[in-house]
Structures are given as C-alpha cells and as structure tokens.
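Scroll down for the structure; my scribbles are underneath it.
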Amino acid sequence: MSLLETQKLTIKFGGLTAVDAVDMSVEKGEIVGLIGPNGAGKTTLFNMLTGVYQPTSGTIIFKGGTLTKLNPTKVSRLGIGRTFQIVKPFQLMTVLENVMIGSFSKTNSMAVAEKKALEVMDFVGLTSVKSIQARNLTLAHKKRIELARALATEPELILLDEVMAGLNPTEVNEVIDVIRKINSQKKITIILVEHVMQAVMALSQRIYVLNSGKKIAEGVPTDVANNPEVIKAYLGGGYTHAAS
Ligand SMILES: Nc1ncnc2c1ncn2[C@@H]1O[C@H](COP(=O)(O)OP(=O)(O)O)[C@@H](O)[C@H]1O
Ligand SMILES: [Mg+2]
C-alpha cells in the first residue's frame with residue numbers, strides 16, 4: 001500500500017479546473033518531485049492534500065484512510081506537514097516561538113513543545129537565531145523557519161512548496177542538504193514542489209509534471225527531463241523563473 005494516493009483528484013474554481021483528475025502515488029521513504037509551469041496547480045494540489053481546499057471530486061488516501069473532507073488541523077495530526085510558498089512567519093515572534101506553533105500540533109505542553117522546537121531548529125540550522133524576531137531575518141532564514149515549523153508537527157509526509165525560491169546558489173545547496181537529511185535521518189517522505197530544476201533532478205527519485213491542472217508526465221528525472229511534452233510545457237510560456 002502506498003503512503004499517499006490520489007485518485008482522479010479534481011478541483012474547480014468557477015470555470016477553471018485548477019487540478020484535473022490527477023492520479024498520483026507516493027511510497028513511504030520516497031522523495032517525489034512535483035513540477036510544472038506557474039499556475040499548473042501545484043500549490044492547489046498541496047492545499048487539497050492538507051485539507052485547506054475540499055476537492056470537487058476524486059479521493060485522497062493517506063495510510064489507507066481517506067483524507068477527503070478533513071480539515072488542516074486533523075490532517076496535520078494524521079502526519080502530513082507542509083511549508084508555504086509565501087513565507088509568513090509571525091513577524092513579532094521569535095524564531096523559537098514560531099517553530100513552537102508547529103509543536104502544538106502534537107502536544108499541549110509548553111515544555112514538550114519547546115524541546116521539540118529546539119531539536120528541529122538544531123536540525124535545520126536555526127539555533128543561532130532562536131531568540132531573534134522573525135521580521136529581522138533574511139529570506140533564507142524565514143524559509144528555514146517554515147521547514148522547522150513543519151518538522152515540529154512530527155510529520156510522516158512533508159510537502160515542500162518552493163523552499164528554495166529566491167535563495168542564492170549557496171543557500172540552495174544548504175537547503176538541498178537539509179532536505180536529504182530530513183529524508184534519510186528522520187525517515188520522512190517528501191513531496192517537493194520546486195522551480196530550481198537542478199535541485200529537483202538531484203533530489204527526486206520520481207517526478208510528476210502538471211500543466212494546466214493535468215498530469216502530463218511522470219517518471220524518473222532523466223525521462224521526465226527529456227519528455228517532449230514536458231519541454232513544450234516549459235517553453236510554452238508562463239514559466240518565468242530565472243532558475244529554470
Ligand atoms: N482560491 C482560488 N480561487 C480561484 N482560483 C484559484 C484559487 N487558488 C488557485 N487558483 C488558480 O488555480 C490555478 C493554479 O494555481 P496554483 O496551484 O497556485 O499554481 P502553481 O502553484 O502550480 O503555480 C491558477 O490559475 C490559480 O489562479
Ligand atoms: Mg505555487
């Protein structure tokens with residue numbers, strides 16, 4: 001049984017089908033890439049997987065049970081963590097306090113929440129800035145807060161939404177290392193939405209490609225990169241990131 005499976009997953013916003021009958025499966029322990037031009041439906045898919053949006057039709061099965069109709073708090077408790085493409089830490093709170101928000105998904109104890117937060121902050125490299133207010137940090141640090149907050153929920157599956165966007169090449173390489181460590185040491189399964197192609201290719205065992213809400217390709221990185229339909233989708237406009 002797969003850890004996560006979607007069957008014909010679909011969401012419509014008025015006349016727009018943002019995600020269109022997407023079948024996807026993710027095995028425990030995998031790093032799976034999810035790519036596609038801007039507006040392809042990647043973030044919307046994550047929003048359905050985490051209970052933010054209810055699908056118009058189709059099913060989501062996680063650990064053998066259906067997730068469809070669950071709210072984000074319940075999905076988080078079941079073991080799916082996520083980062084947000086637009087980082088939005090609480091600006092006046094310290095890094096530690098921001099990360100503790102994640103810990104409270106699994107505990108009501110202040111002491112337990114703090115201990116968990118400190119552990120994951122050490123893991124992603126935030127210990128040196130733990131007492132600084134989020135508003136005073138660089139984008140690279142804010143992206144790490146997102147990662148740490150998600151890890152503090154103790155997920156079995158983590159959905160990473162463009163955690164490298166806007167980072168310089170050195171920072172990208174550091175995040176690649178952290179993602180590898182999350183997968184290998186913490187044994188967390190990962191779905192990675194990313195425009196930094198070299199990172200997706202290096203990290204992913206398999207890649208799914210969305211275009212206009214539809215899955216247009218899936219497979220190992222080299223096959224996907226050479227797939228004519230994928231190349232056409234990327235060259236066909238809507239893809240503006242310099243990192244491509
Ligand atoms: N809440 C919403 N209401 C209406 N349209 C939406 C909403 N969320 C996303 N969309 C639309 O769905 C499409 C997919 O968006 P998104 O999932 O953010 O793409 P991606 O993350 O692949 O760049 C876009 O056309 C976007 O405008
Ligand atoms: Mg997006």
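Start at 1 and go down the list; that is how both ligands and their atoms are numbered. Basis for what follows: all heavy atoms, side chains included, without hydrogens, waters or symmetry-related copies. Just so you know, residue 1 is the first one in the sequence shown, and it goes up from there.
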- [ ] Give a yes or no on whether Val178 and Val193 share a hydrophobic cluster (residues Ile, Leu, Val, Met, Phe, Trp, Tyr; joining criterion: side-chain heavy atoms under 4.5 Å apart).
- [x] no
Task: Asn38 near the Mg ion (ligand 2): N/O/S under 2.8 Å - done: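 Given the 2.8 Å cut-off, Asn38 does not count as a ligand of the Mg ion (ligand 2).
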Task: Contact flag Thr44/the Mg ion (ligand 2), N/O/S atoms, threshold under 2.8 Å - done: no
Open item on the list: What I want to check is whether the side chains of Glu27 and Ser2 have a donor and an acceptor closer together than 3.5 Å.
Closed with: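 The criterion, which ignores hydrogens and geometry beyond distance, is satisfied for Ser2 and Glu27.
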Open item on the list: Does anything in residues 71-114 form a ring pair (Phe, Tyr, Trp, His ring centres under 6.0 Å)? List the pairs, not counting sequence neighbours.
Closed with: none
- [ ] If a pair satisfies side-chain hydrogen bond (donor to acceptor under 3.5 Å, both in side chains) and one of its residues is in residues 46-58, list it, with sequence neighbours excluded.
- [x] Asn47-Arg82, Thr50-Arg82
Open item on the list: Restricting to salt bridge (charged side-chain N to carboxylate O under 4.0 Å, His left out), what partner residues turn up for Lys8, sequence neighbours left out?
Closed with: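 Lys8 satisfies salt bridge (charged side-chain N to carboxylate O under 4.0 Å, His left out) with Asp23 once adjacent residues are dropped.
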Kindly print each ligand 1 N/O atom paired with any protein N/O atom under 3.5 angstrom away, one pair per line, or none if nothing qualifies.
unit_1	atom_1	unit_2	atom_2	d
ligand 1	1 (N)	Tyr53	OH	3.0
ligand 1	17 (O)	Thr43	N	3.4
ligand 1	17 (O)	Thr44	N	2.9
ligand 1	17 (O)	Thr44	OG1	2.5
ligand 1	19 (O)	Gly41	N	3.3
ligand 1	21 (O)	Thr43	N	3.0
ligand 1	21 (O)	Thr43	OG1	2.9
ligand 1	22 (O)	Ala40	N	3.2
ligand 1	22 (O)	Gly41	N	2.9
ligand 1	22 (O)	Lys42	N	2.9
ligand 1	22 (O)	Lys42	NZ	2.8
ligand 1	23 (O)	Gly39	N	2.8

Open item on the list: Taking the basic N atoms (NZ, or NE/NH1/NH2) and the acidic carboxylate oxygens, is any pair closer than 4.0 Å for Glu229 and Lys232?
Closed with: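 Salt bridge absent between Glu229 and Lys232.
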Open item on the list: Less than 4.0 angstrom from a charged side-chain N to a carboxylate O is my criterion; do Lys143 and Glu174 meet it?
Closed with: no
